[in-house]
Amino acid sequence: MTEQNQNPETVETAEQQAAELSHEELQARVAELEGMLKDEQLRGLANEQNLRRRHQEELQAAHKFAAQRFAAEMLTVKDYLEMALLDQSGNFDALKMGVSMTLNELNKAFEATNIQEIQVAAGDKLDPHRHQAMQEVPSEQEAGTVVGVLKKGYAMNDRVLRPTLVTVAKAAAGAEQ
């Protein structure tokens with residue numbers, strides 16, 4: 001009953017004071033939250049910069065050492081070639097065997113680094129992405145087809161390192177019109 005007997009002006013004044021305190025407290029809380037948000041933003045930006053820097057360093061290291069595996073594979077090939085040059089025996093069969101061993105090591109290195117020979121046969125259609133026509137020759141074959149291989153081509157992981165250099169069939173004299 002005491003609540004009902006209170007003066008309405010007193011109740012309104014208490015509510016206003018509570019509202020004023022709440023407003024000040026809310027402003028303080030908003031300022032605190034804004035500070036926390038700013039801190040989180042700065043931490044996020046710093047983390048992003050660190051990730052970018054780390055990624056850039058890893059990318060540079062990958063570029064720098066990309067050929068390391070292949071270079072290590074080539075050391076044995078170099079050793080065999082140097083041994084062949086030092087051989088003064090004059091034994092052709094031994095030299096041939098040494099060259100064969102060197103070629104085997106080179107093929108192993110190519111296999112280890114996913115380097116494949118681009119396969120092409122006479123009669124295949126010229127593929128400008130994998131073949132380079134060096135010469136047109138008269139042939140019984142269809143025009144624009146491979147007649148012969150001048151130099152083998154190679155690809156690494158389906159990316160052409162060197163196209164196969166080929167001769168292609170020339171269009172018949174009457175068919176050029």
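Remember, it's a predicted structure, so these values are computed and weren't measured experimentally. Numbers here simply count residues along the sequence, with the first being 1.
Residue D158 qualifies as open at atom CG: its count of foreign heavy atoms under 6.0 Å is 12 or below. Crowding of Q116 atom CD: a count of heavy atoms from other residues, nucleotides or ligands under 6.0 Å exceeding 12. Enclosure of atom CD in Q27 by more than 12 non-hydrogen atoms of other residues, nucleotides or ligands within 6.0 angstrom is indicated.
Judged by distance alone, the side chain of T113 and the main-chain N or O of A109 form a donor-acceptor pair under 3.5 Å. A donor-acceptor pair is defined here as one N or O able to donate and one able to accept, closer than 3.5 Å; such a pair exists between the side chain of T164 and the backbone of G153. Under the 3.5 Å distance criterion, the side-chain polar atoms of T167 are matched with a main-chain donor or acceptor of G148. For N157 (side chain) and R159 (main-chain N/O), no donor-acceptor pair under 3.5 Å exists by modelled atom type. Listed for the H55 side chain is no donor-acceptor partner under 3.5 Å among the backbone atoms of L51.
Ion pairing between R54 and E57 fails under the 4.0 Å rule for side-chain N and carboxylate O. Salt-bridge formation is detected for the pair K108/E105: a Lys NZ or Arg NE/NH1/NH2 atom is positioned less than 4.0 Å from an Asp or Glu carboxylate oxygen. Note on E48 versus R52: salt bridge recorded, some NZ/NE/NH1/NH2 to OD/OE distance being below 4.0 Å.
Cluster membership for L81 and M101, using ILVMFWY side-chain heavy atoms within less than 4.5 angstrom, is not shared. In the hydrophobic clustering of ILVMFWY residues, with side-chain heavy atoms under 4.5 Å counting as a link, Y154 and L165 come out apart. In the hydrophobic clustering of this structure, I118 does not group with V149; members are Ile, Leu, Val, Met, Phe, Trp, Tyr whose side-chain heavy atoms approach within less than 4.5 Å, directly or through other members. Hydrophobic clustering (ILVMFWY, side-chain heavy atoms < 4.5 Å, transitive): L161 and V120 are in distinct clusters. Side-chain heavy atoms closer than 4.5 Å link hydrophobic residues (I, L, V, M, F, W, Y) into clusters, and following such links, even through other members, never connects V77 to L75.
A pairwise comparison of heavy atoms in E142 and A169 identifies O-CB, 3.3 Å as the closest pair. Residues F70 and I115 approach most closely at CE1-CD1, 3.9 Å, considering heavy atoms. A pairwise comparison of heavy atoms in K152 and R162 identifies O-NH2, 2.6 Å as the closest pair. Nearest heavy atoms, A143 versus K125: O-NZ, 3.8 Å.
In this structure, the separation between CD on Q41 and CG on L37 is 5.0 Å, given to the nearest 0.5 Å. Interatomic distance, CG of L126 versus CD of Q132, reported as 10.0 Å (0.5 Å rounding). The CZ atom of R43 lies 12.5 Å from the CG atom of N50; values are rounded to the nearest 0.5 Å. One distance of note links CD of Q135 with CG of L150; it measures 6.5 Å at 0.5 Å rounding. Annotation: the span from K78 atom NZ to M83 atom CE amounts to 11.0 Å, rounded to 0.5 Å.
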Please report the C-alpha distance between N107 and L103 in whole Å, then the side-chain angles of each, then the deciding distance to 0.1 Å, and finally whether the side chain to side chain contact (heavy atoms under 4.5 Å, CB included) criterion is met. CA-CA 6 Å; N107 285 333; L103 182 58; 3.9 Å; yes

Give the intermediate values and the outcome of side chain to side chain contact (heavy atoms under 4.5 Å, CB included) for residues D124 and T145. CA-CA 5 Å; D124 288 352; T145 58; over 6 Å; no

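Contact annotation: the side chain of V166 never approaches that of V147 to less than 4.5 Å [non-hydrogen atoms, C-beta and beyond]. With contacts defined as side-chain heavy-atom distances shorter than 4.5 Å, the pair D39/M36 does not qualify.
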